[in-house]
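All values derive from a computational prediction rather than experimental measurement. Numbers here are sequence positions counted from 1.
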Amino acid sequence: MSGILEGKRILITGVLMESSIAFHAAKLAQEQGAEIILTAWPRPSLTERIAKKLPKPVTVLELDVSNDEHLARLESQVREHLGDRLDGVVHSIGFAPQDALGGNFLNTPFESVATAMHVSAFSLKSLTMALLPLMSEGGSVVGLTFDAQFAWPQYDWMGPAKAALEATNRYMARDLGKHDIRCNLISAGPIGSMAAKSIPGFAELASVWDSRSPLEWKLEDPEPAGKGIVALLSDWFPKTTGEIIHVDGGLHAIGA
């Protein structure tokens, strides 16, 4: 029996650790029949080492999504390894300087806010547009958010950055629908990944899930979110776009 991504070609960003959601999305995508390519920044060698744990060998490209030169060369690099068609893109990228996190919201300088917005939100658009010529037959763009309708403890300017990401996703869905490209986000619960560990006070934020999530949520299990990504990359959601799918144990639906 063939997998739900059989024959598809997918580019995946953000594979930094085996515990990352992006790693599990890559693993599941391969298991479901996709041919994938990874991008990495700032340490491609780290991603290359982690990628050896995937079911099949995979190419890793160096890509800083805030670097115009990197974005300009991306299409030709992907063509070299995957051919002239790309069916899906996974945006698993987020960054904010330390002074934009951990309770410093009111004192964060604009330069740090601008960096968070550029890397975490604007890059969804710039990455997709860099790859658009390869998606002439349509496809699926899937990003990762952390529910931006709330002000989370310690999350500070990553919250507004995620809100910008969610708005960007909606506008992309509006403008790319004519190309038969779907744009959706997975809103995952907290995962003990490298990105999460860089947030001061992350344990306080994550502890909310222990008491309020209707379904048991495990910080050490990124696979549910990975499955959500793979589902959105597949043809099983052919008319779903501009959406945020919650994979958070149901906490988003529960009041105080």
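Remark: the backbone N or O of M117 is not paired with any side-chain donor or acceptor of W157 at under 3.5 angstrom. Looking only at distances, a side-chain donor or acceptor of T13 sits under 3.5 Å from a matching main-chain atom of V90. Although no hydrogens or angles enter the test, the distance criterion places a donor-acceptor pair under 3.5 Å between the side chain of H24 and the main chain of E18. Using modelled atom types, no side-chain atom of S213 and backbone atom of E216 make a donor-acceptor pair closer than 3.5 Å. Listed for the W217 side chain is a donor-acceptor partner under 3.5 Å among the backbone atoms of P190. Checking side-chain atoms of S76 against main-chain N and O of R73 turns up a donor-acceptor pair under 3.5 Å. Looking only at distances, a side-chain donor or acceptor of N169 sits under 3.5 Å from a matching main-chain atom of N184. Listed for the S120 side chain is a donor-acceptor partner under 3.5 Å among the backbone atoms of F95.
Across S234 and A231, no two heavy atoms sit closer than the pair OG-O, 2.6 Å. The nearest pair of heavy atoms linking Y155 to G159 is CD2-N, 3.6 Å. Contact between G250 and P214 at its shortest, heavy atoms only, is C-CD, 3.5 Å. The heavy-atom pair separating A130 from E75 by the smallest distance is O-CB, 3.8 Å. The shortest heavy-atom contact between A116 and A96 is CB-CB, 3.8 Å. V58 and A51 make their closest contact through CG1-CB, 3.6 Å (heavy atoms, listed as atom of the first residue, atom of the second, distance).
By the rule that hydrophobic residues join a cluster once side-chain heavy atoms approach within less than 4.5 Å of another member, I4 and L232 end up as members of one cluster. I93 and I21 end up in different hydrophobic clusters when Ile, Leu, Val, Met, Phe, Trp and Tyr side chains are linked at under 4.5 Å. V230 and I10 fall within a single hydrophobic cluster, where Ile, Leu, Val, Met, Phe, Trp and Tyr side chains are chained together by heavy-atom contacts under 4.5 Å. Hydrophobic clustering (side-chain heavy atoms under 4.5 Å, transitive across Ile, Leu, Val, Met, Phe, Trp, Tyr) groups L74 together with L86. Placement of L124 and V65 within a single hydrophobic cluster is found when ILVMFWY residues are connected by side-chain heavy-atom separations under 4.5 Å, directly or transitively.
R49 is listed as a side-chain neighbour of L46, based on a closest heavy-atom distance under 4.5 Å. Taking the side chain as every heavy atom from C-beta outward, E6 and Q32 never approach each other to under 4.5 Å. Looking at V78 and L131, their side chains come closer than 4.5 Å, going by heavy atoms from C-beta outward. Residues T241 and R174 form no side-chain contact, since every pair of their non-hydrogen atoms from C-beta on lies 4.5 Å or further apart. With contacts defined as side-chain heavy-atom distances shorter than 4.5 Å, the pair F23/S19 does not qualify. In this structure, R182 and F237 have side chains that are in contact, with non-hydrogen atoms separated by less than 4.5 Å. Here the side chains of E62 and T39 are not in contact, with every heavy-atom distance at 4.5 Å or above. Under the 4.5 Å side-chain criterion, counting only non-hydrogen atoms from C-beta, Q30 is in contact with I36.
A salt bridge does not link R43 to E48: none of the charged nitrogens lies less than 4.0 Å from a carboxylate oxygen. The existence of a salt bridge linking E166 and K162 is excluded, since no basic side-chain nitrogen approaches an acidic carboxylate oxygen closer than 4.0 Å.
The 12-atom threshold is not exceeded at OH of Y171, counting heavy atoms of other residues, nucleotides or ligands nearer than 6.0 Å. More than 12 heavy atoms of other residues, nucleotides or ligands sit less than 6.0 Å from atom CD of E220. In this structure, D68 places its CG atom where only 12 or fewer heavy-atom neighbours from other residues, nucleotides or ligands lie under 6.0 Å away.
Side-chain contact of D99 with T108: a donor-acceptor pair under 3.5 Å is absent, judged by distance alone. Between the side chains of D147 and Q149, at least one donor N or O lies within less than 3.5 Å of an accepting N or O. Between the side chains of H91 and S123, a donor-acceptor pair is found at a separation under 3.5 Å.
Taken from CG in L11 to OG1 in T59, the straight-line distance is 11.0 Å, to the nearest 0.5 Å. Going from atom CG of L54 over to atom CD1 of I12 covers 8.5 Å, rounded to the nearest 0.5 Å. Note: D87 CG to L82 CG = 9.5 Å, rounded to the nearest 0.5 Å. To the nearest 0.5 angstrom, I186 atom CD1 is 11.5 Å from S92 atom OG. Rounding to the nearest 0.5 Å gives a distance of 11.5 Å between OG of S140 and CG of L176. Separating the CH2 atom in W41 from the CG atom in L63 is a distance of 9.0 Å, to the nearest 0.5 Å.
Side-chain rings of W152 and F105 stay apart, their centers remaining 6.0 Å or farther from each other.
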So E31 and K27, salt bridge (charged side-chain N to carboxylate O under 4.0 Å, His left out) or not? Walk me through it.
CA-CA 6 Å; E31 291 173 349; K27 177 176 179 288; 2.8 Å; yes
Could you please spell out the steps behind the side chain to side chain contact (heavy atoms under 4.5 Å, CB included) verdict for V89 and M135?
CA-CA 10 Å; V89 178; M135 303 180 75; 4.1 Å; yes
Evaluate the side chain to side chain contact (heavy atoms under 4.5 Å, CB included) criterion for residues E243 and T240: first the C-alpha distance (whole Å), next the side-chain angles of each, then the deciding distance (0.1 Å), finally the verdict.
CA-CA 7 Å; E243 190 60 85; T240 298; 3.9 Å; yes
Show your working on side chain to side chain contact (heavy atoms under 4.5 Å, CB included) between K8 and E35 and close with a plain yes or no.
CA-CA 6 Å; K8 293 193 179 295; E35 185 177 359; over 6 Å; no
Take S187 and H252 through the side chain to side chain donor-acceptor pair (under 3.5 Å) test and state the conclusion after the steps.
CA-CA 9 Å; S187 180; H252 71 282; over 6 Å; no
Start with the C-alpha distance between I37 and R9, add both sets of side-chain angles, then the distance that settles side chain to side chain contact (heavy atoms under 4.5 Å, CB included), and finish with yes or no.
CA-CA 8 Å; I37 192 168; R9 303 170 187 177; over 6 Å; no
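By the side-chain contact (heavy atoms from CB on, under 4.5 Å) test, T47 pairs with V15, L16, L38, A40, V60, sequence neighbours left out. Remark: K227 pairs with L28, E223 by the side-chain contact (heavy atoms from CB on, under 4.5 Å) rule, at least two apart or across chains.
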